[in-house]
Amino acid sequence: MRTFLINNKRYVAKEFTFGAVRQLESNGLSLTDVQNKPMTLAAAYLAFCAGINMDAADNEIQEHVINGGNLDGIFEAVTEAMNDSRFFQALNKKAEAQEVQDIPVVPVQEIPGQAVPIQAVTATPVGESVIQ
């Protein structure tokens with residue numbers, strides 16, 4: 001069981017599920033904002049794990065920092081929870097598959113001075129290669 005410490009209170013780090021992501025979004029954190037809004041991430045994750053509202057989470061974090069604490073523990077817990085999340089792993093697989101589909105196919109063209117035209121390679125599943 002992963003935990004983190006904020007303001008001398010130990011919290012259990014919760015798993016990132018669809019419901020967790022939806023709750024984090026309702027607390028003002030979009031997954032696309034994670035890198036750009038670390039304080040919102042810390043507060044939203046604390047609110048989620050502690051079952052408190054964002055104002056209470058803000059106050060807990062503020063007191064923690066004022067009293068000399070840092071946010072390393074909560075950020076480590078978030079990172080590990082994201083990495084271990086089956087929901088995130090499934091999203092990443094779908095995103096990677098979409099990226100492969102979005103690779104543009106280069107049309108076959110002849111380069112002046114070359115006897116053989118360049119052939120385009122289409123995106124295919126890993127381990128396969130198809131030359132047209």
Side-chain angles (χ1 to χ4, degrees):
M1 172 173 40
R2 187 176 304 117
T3 63
F4 59 93
L5 188 68
I6 296 289
N7 205 22
N8 293 317
K9 297 174 189 164
R10 187 151 304 276
Y11 297 96
V12 174
K14 291 187 177 180
E15 179 183 359
F16 276 90
T17 61
F18 174 79
V21 172
R22 186 189 47 72
Q23 189 171 348
L24 291 169
E25 287 179 341
S26 71
N27 282 333
L29 181 70
S30 169
L31 292 180
T32 58
D33 293 338
V34 169
Q35 295 293 330
N36 298 327
K37 295 185 176 182
M39 295 302 135
T40 302
L41 171 62
Y45 192 66
L46 176 59
F48 169 65
C49 292
I52 58 179
N53 65 37
M54 285 292 283
D55 289 335
D58 289 345
N59 290 334
E60 286 294 321
I61 290 172
Q62 179 170 301
E63 288 302 313
H64 178 71
V65 173
I66 287 171
N67 291 321
N70 64 49
L71 301 178
D72 293 348
I74 194 168
F75 290 134
E76 288 172 10
V78 167
T79 300
E80 290 176 10
M82 285 181 170
N83 288 338
D84 294 345
S85 168
R86 292 183 352 207
F87 177 68
F88 275 11
Q89 290 169 5
L91 284 178
N92 284 336
K93 282 182 186 176
K94 289 180 194 250
E96 288 170 1
Q98 184 63 41
E99 287 174 10
V100 168
Q101 290 176 358
D102 290 344
I103 296 173
V105 176
V106 178
V108 174
Q109 56 184 327
E110 289 191 32
I111 298 177
Q114 282 195 342
V116 181
I118 297 174
Q119 296 176 327
V121 177
T122 60
T124 59
V126 175
E128 298 178 23
S129 178
V130 176
I131 297 179
Q132 296 180 334

A.B. asks: Please confirm whether the backbone N or O of D72 pairs with a side-chain atom of N70, one donor and one acceptor, at under 3.5 Å?
C.D. replies: yes
A.B. asks: Within a reach of under 6.0 Å around CZ of R10, are more than 12 heavy atoms found that belong to other residues, nucleotides or ligands?
C.D. replies: yes
A.B. asks: To the nearest 0.5 angstrom, please state how far the OG1 atom of T17 sits from the CZ atom of R22.
C.D. replies: 8.5 Å
A.B. asks: To the nearest 0.5 Å, what is the distance between CZ on F87 and CZ on F16?
C.D. replies: 11.0 Å
A.B. asks: Taking a hydrophobic cluster as the set of Ile, Leu, Val, Met, Phe, Trp and Tyr residues connected by side-chain heavy atoms closer than 4.5 Å, whether directly or through intermediates, do I52 and L5 fall within one such cluster?
C.D. replies: no
A.B. asks: Taking atom NZ as the centre, does K14 end up with more than 12 heavy-atom neighbours from other residues, nucleotides or ligands that are less than 6.0 angstrom away?
C.D. replies: yes
A.B. asks: Which atom pair, heavy atoms only, marks the closest approach of N27 to A47?
C.D. replies: ND2-CB, 4.0 Å
A.B. asks: Report the distance from atom CZ of R86 to atom CG of L91, rounding to the nearest 0.5 Å.
C.D. replies: 12.5 Å
A.B. asks: Under the criterion side-chain contact (heavy atoms from CB on, under 4.5 Å), I'd like the reasoning laid out for N83 against F88: C-alpha separation, chi angles, the key distance, then a yes or no.
C.D. replies: CA-CA 7 Å; N83 288 338; F88 275 11; over 6 Å; no
A.B. asks: Test of understanding: clusters of I, L, V, M, F, W, Y form through side-chain heavy atoms closer than 4.5 Å, transitively. Do M39 and M54 belong to the same one?
C.D. replies: no
A.B. asks: So, N7 versus E60: side-chain donor-acceptor pair below 3.5 Å or not?
C.D. replies: yes
A.B. asks: Is the backbone of M82 close enough, under 3.5 Å, to the side chain of S85 for a donor and an acceptor to pair up by distance?
C.D. replies: no
A.B. asks: Taking atom NZ of K9 and atom OG1 of T3, what is their separation to the nearest 0.5 Å?
C.D. replies: 15.5 Å
A.B. asks: What closest approach, in Å, do A13 and C49 show between heavy atoms, and which atom pair accounts for it?
C.D. replies: CA-SG, 4.0 Å
A.B. asks: Roughly how far, to the nearest 0.5 Å, is CG of N36 from CG of L29?
C.D. replies: 10.5 Å
A.B. asks: With the 4.5 Å side-chain cut-off for hydrophobic clustering, are L71 and V12 part of the same group?
C.D. replies: no
A.B. asks: CD1 of I6 to CG of L46: how many Å apart, nearest 0.5 Å?
C.D. replies: 6.0 Å
A.B. asks: Tell me if a side-chain donor or acceptor on E80 pairs with a main-chain N or O of R2 at a distance below 3.5 Å.
C.D. replies: no
A.B. asks: Test side-chain contact (heavy atoms from CB on, under 4.5 Å) on L41 and F75 and set out the steps.
C.D. replies: CA-CA 8 Å; L41 171 62; F75 290 134; 4.2 Å; yes
